[in-house]
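Data first, discussion second: the structure below is written as structure tokens.
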Amino acid sequence: QVQLVESGGGLVQAGGSLRLSCAASGRTGSNYAMGWFRQSPGKERQFVAAISWSGYNTYYADSVKGRFTISRDTAKTTVYLQMNSLKPEDTAVYYCAAKITYYSGSYYYRSTEYDYWGQGTQVTVSS
């Protein structure tokens, strides 16, 4: 079992920045690809960004490409989402997720592929 805890959310004005963190604990001996998703009220959970176990490969939703950056630390226990040039439409609860994988270079963008989820952190962007 893996526990994921997100932090770093908050209220920011449009054009501002936030950095989300996701700390993993528990069964961290396996290889995990990681992802960030978000969900707004009344909408389905939406893919934001993904990173491979190796950390070398990343993938972004078109809506955040060029503004958000996903990364992970060398210990592979924390994943970050640097969010710049935030827009009101980025307002959502942001979730991190982990997927057990045997492929160090693979990333995943479907929520159904992930094995573990955090509890979420609220990001609100005011106009």
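When all heavy atoms of A92 and R38 are compared, the closest pair comes out as CB-CB, 3.8 Å. Across A98 and L4, no two heavy atoms sit closer than the pair N-CD1, 3.7 Å.
A heavy-atom distance below 4.5 Å is not found between the side chains of Y95 and Q119. Residues M34 and C22 form a side-chain contact, since some pair of their non-hydrogen atoms from C-beta on lies under 4.5 Å apart. S52 places none of its side-chain heavy atoms less than 4.5 Å from the side chain of S106. Counting heavy atoms from C-beta outward, Y59 and I70 have side chains that stay 4.5 Å or more apart. Between L81 and V48 the shortest side-chain heavy-atom distance falls below 4.5 Å. At least one side-chain heavy atom of K76 sits less than 4.5 Å from a side-chain heavy atom of W53. Using a 4.5 Å heavy-atom cutoff, the side chains of R45 and W117 are in contact.
For Q3, there are no side chain to side chain donor-acceptor pair (under 3.5 Å) partners, not counting sequence neighbours. With sequence neighbours left out, the side chain to side chain contact (heavy atoms under 4.5 Å, CB included) criterion links V123 to L18, L20, M83, Y94, V125.
We find the OG-CD distance between S126 and Q13 to be 5.0 Å, quoted to the nearest 0.5 Å.
Note that R72 lies outside the cation-pi zone of Y80, set by a 6.0 Å cut-off to the ring centre and a 45° limit from the axis. Judged by the 6.0 Å distance and 45° axis criteria, K99 is positioned over the aromatic ring of Y108.
A distance of 6.0 Å or more separates the ring centres of F47 and Y60.
In Y109, the OH atom is not crowded: 12 or fewer heavy atoms of neighbouring residues, nucleotides or ligands sit closer than 6.0 Å.
With 3.5 Å as the limit, one finds a donor-acceptor pair spanning the side chains of S17 and N84.
Of the charged side-chain nitrogens involved, none lies within less than 4.0 Å of a carboxylate oxygen, so that D90 and K87 do not count as a salt-bridged pair.
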Side chain to side chain contact (heavy atoms under 4.5 Å, CB included) for W36 and F68? Distances and angles first, verdict last. CA-CA 11 Å; W36 285 97; F68 291 11; over 6 Å; no
